[in-house]
Amino acid sequence: MAATPLTGNPVAVVTGGSSGIGLAVAQRLSQRPGARVVLAARAESTLADAAERCRALGAEVLTHAADVADTAAMDALMRRAVERFGRIDAWINAAGTSLWGPFDHIPAEAHERLIRTNLLGVVHGTHAALQHMRGRASGGVVVNIASISGRIPTPLAASYTASKYGVAGFTDALRDELSGTAIAVCGVYPGFVDSPTQHRSANYTGRELRPVPPVLDPDEVAAAVVALLDHPRRAVRLGWQHAAALPYALAPDSAGRAAARAAEHWFLHSGERRADDAGALFAPREDLPAAVHGAWGLPQRREARAAALGVLGGAAALAAGVLGWWLASGARRGRADAA
């Protein structure tokens, strides 16, 4: 049996729904007439802020403060959503964070916590969703937010890479397992995204985090996620960084060494110095408002735009010079012919 697209106004659960991609997805869903959205995150104050944003767009919203690393909390989230709205049509696993720095310089408990959040959080959320969707003739759609790091190794983010490769493998295996049902399982693989991640990620690099440009808009990722509810697909890959998959496939050792050198320069020797900290890895940041964008990588984007404008300006000047030379040469030829 093939999974069927969702019709009408599906009831959607969004974990990590108070920030970044999760909030962008929730807001996009909230713009649909009759929208019903369930938002889950750890910080109650931030969840309340996110819910008001979605209600202002016309959605009926249920919030549930929960940690995706806790399987019982995900089961409780599923039960509350069904009690409130009668069903769950879509479950979007968008909760997650990142962890940067030399692997052995990072406390072991930080690696463990990251994997519990990023990988087991997806496992727990999906398990809860399937307890409900398995019993429905119409099935449902599960969307897992992975990362470019789930396809291409990211030096100085080893456990983050492990967690996202895990999400990718879990998503592919479960999709195949459910291929004879009405449940679709989809994976989304964005590159670097302009979310508030620099305020929440654990950072042991000794520098301000700097994304590899160009940086994706969370709304672009959200549009891809919501489109999957109408037209489920195996995978959606976003961002030019996916082009690096080819050299990794052809020459993994050389590509890996080049990536390691670039990562060391980009993350350990660039940017302003800052003290190491765990961000929101172990506890939520109650002081941060709900936000989709984080102006992450804005200096790099400005530099890229300036460089692009410089190249375009140089090309325009060259073209003008060539045109001027051609016109002057034509004029000289005309005078010579007249003589």
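- Smallest separation of non-hydrogen atoms from A278 and A202: O-CB, 3.5 Å.
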List the steps, then state whether side-chain contact (heavy atoms from CB on, under 4.5 Å) holds for R36 with R87.
CA-CA 11 Å; R36 288 159 294 176; R87 69 180 196 270; 3.4 Å; yes
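- To the nearest 0.5 Å, atoms OG (S147) and CZ (F192) are separated by 7.5 Å.
- For the residue pair H64 / R80, a side-chain donor-acceptor distance below 3.5 Å is found, with atom types taken as modelled.
- Put simply, the side chain of S270 gets close to the backbone of H265: a donor and an acceptor are under 3.5 Å apart.
- Residue-environment remark: NE2 (H111) exceeds the threshold of 12 foreign heavy atoms within 6.0 Å.
- The closest donor-acceptor contact from the side chain of W266 to the backbone of G271 lies at 3.5 Å or more, if one exists at all.
- With R116 contributing its side chain and A69 its backbone, the two residues share a donor-acceptor pair below 3.5 Å.
- Looking at heavy atoms from C-beta onward, N118 lies out of side-chain contact with V122 at the 4.5 angstrom threshold.
- In this structure, CG in D67 is found 12.0 Å from CG in L77, a value given to the nearest 0.5 Å.
- None of T126, I145, V143 except one satisfies the side-chain contact (heavy atoms from CB on, under 4.5 Å) rule with N93; the exception is T126.
- Looking only at side-chain heavy atoms (C-beta outward), V14 and L29 come within less than 4.5 Å of each other.
- For the side chain to side chain donor-acceptor pair (under 3.5 Å) test, residues two or more places apart in sequence or in another chain that qualify with R55 are E52.
- Residues L57 and Q31 form a side-chain contact, since some pair of their non-hydrogen atoms from C-beta on lies under 4.5 Å apart.
- Other cluster members for L114: L99, I106, Y160, Y204, L281, F282, joined by side-chain heavy-atom distances under 4.5 Å among Ile, Leu, Val, Met, Phe, Trp and Tyr.
- At least one side-chain heavy atom of W100 sits less than 4.5 Å from a side-chain heavy atom of T154.
- Listed by first and then second residue, the salt bridge (charged side-chain N to carboxylate O under 4.0 Å, His left out) pairs that reach into residues 124-140 are D89-R136, sequence neighbours excluded.
- Taken together through direct or relayed side-chain contacts under 4.5 Å among Ile, Leu, Val, Met, Phe, Trp and Tyr, V225 and V37 form part of one hydrophobic cluster.
- What you find for V142 and A129 is that their closest heavy atoms are CG2-CB, 4.5 Å.
- In this structure, CE in M78 is found 6.0 Å from CD in Q131, a value given to the nearest 0.5 Å.
- Panel note: side chain Q241, backbone V212; a donor-acceptor pair is recorded below 3.5 Å.
- C54 approaches L39 most closely through the heavy-atom pair SG-CD1, 4.2 Å.
- Taking a 6.0 Å sphere around CD of E112, one finds it holds 12 or fewer heavy atoms contributed by other residues, nucleotides or ligands.
- Atom CD of E44 has 12 or fewer neighbouring heavy atoms from other residues, nucleotides or ligands inside a 6.0 Å radius.
- Looking at residues two or more places apart in sequence or on another chain, you find no side chain to side chain donor-acceptor pair (under 3.5 Å) involving R42.
- In this structure, S30 and R53 have side chains that are not in contact, with every pair of non-hydrogen atoms separated by 4.5 Å or more.
- A side-chain contact (heavy atoms from CB on, under 4.5 Å) with I21 is found for exactly one of V188, V193, L216, namely V193.
- Under 3.5 Å, the side chains of T46 and S18 contain no donor-acceptor pair of N or O atoms.
- Listed here is the closest heavy atom pair of L209 and S201: CD1-CB, 4.0 Å.
- One finds the CG atom of L229 at 5.0 Å from the CD1 atom of I92 (value rounded to the nearest 0.5 Å).
- No side-chain donor-acceptor contact under 3.5 Å links Y189 to the backbone of L238.
- Between the CG atom in D217 and the CG atom in D194 there is a gap of 6.5 Å [rounded to 0.5 Å].
- A side-chain hydrogen bond (donor to acceptor under 3.5 Å, both in side chains) check over residues 70-79, counting only residues at least two apart or in different chains, returns nothing.
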Could you walk me through whether N144 and L174 pass the side-chain contact (heavy atoms from CB on, under 4.5 Å) check?
CA-CA 11 Å; N144 296 333; L174 187 62; 5.8 Å; no
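- V221 and I152 sit in two unconnected hydrophobic clusters of ILVMFWY residues. Membership requires side-chain heavy atoms under 4.5 Å apart, directly or through other members.
- Between atom CG of residue D253 and atom OH of residue Y248 there is a gap of 10.0 Å, rounded to the nearest 0.5 Å.
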Criterion side-chain contact (heavy atoms from CB on, under 4.5 Å) on L268 and R207, from CA distance to verdict
CA-CA 6 Å; L268 299 184; R207 302 276 183 173; 5.6 Å; no
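- One hydrophobic cluster, built from ILVMFWY side chains closer than 4.5 Å, cannot hold both L23 and V11; they sit in different ones.
- With sequence neighbours excluded, the residues forming a side chain to side chain donor-acceptor pair (under 3.5 Å) with N203 are T205, listed by chain and number.
- Hydrophobic cluster membership differs between L119 and I148, with clusters built from Ile, Leu, Val, Met, Phe, Trp and Tyr side chains linked at under 4.5 angstrom.
- Two residues are said to be in side-chain contact when any heavy atoms from C-beta on lie closer than 4.5 Å; M133 and W91 meet this criterion.
- Side-chain N or O atoms of H199 include none that pairs as donor or acceptor with a backbone N or O of L288 at under 3.5 Å.
- Between the side chains of T171 and R175, not a single donor N or O lies within less than 3.5 Å of an accepting N or O.
- Follow the hydrophobic side-chain contacts under 4.5 Å out from V141 and you reach V236 in the same cluster.
- Evaluated for a side chain to side chain donor-acceptor pair (under 3.5 Å) with R200, the options S19, S195, S98 yield exactly one hit, S19.
- For the residue pair L156 and A263, the shortest heavy atom distance occurs at CD1-O, 3.5 Å.
- For A137 against A182, the heavy-atom pair with the smallest separation is O-CB, 3.6 Å.
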May I have the step-by-step check of side-chain contact (heavy atoms from CB on, under 4.5 Å) for R234 and D176, ending in yes or no?
CA-CA 10 Å; R234 182 181 186 86; D176 294 344; 3.8 Å; yes
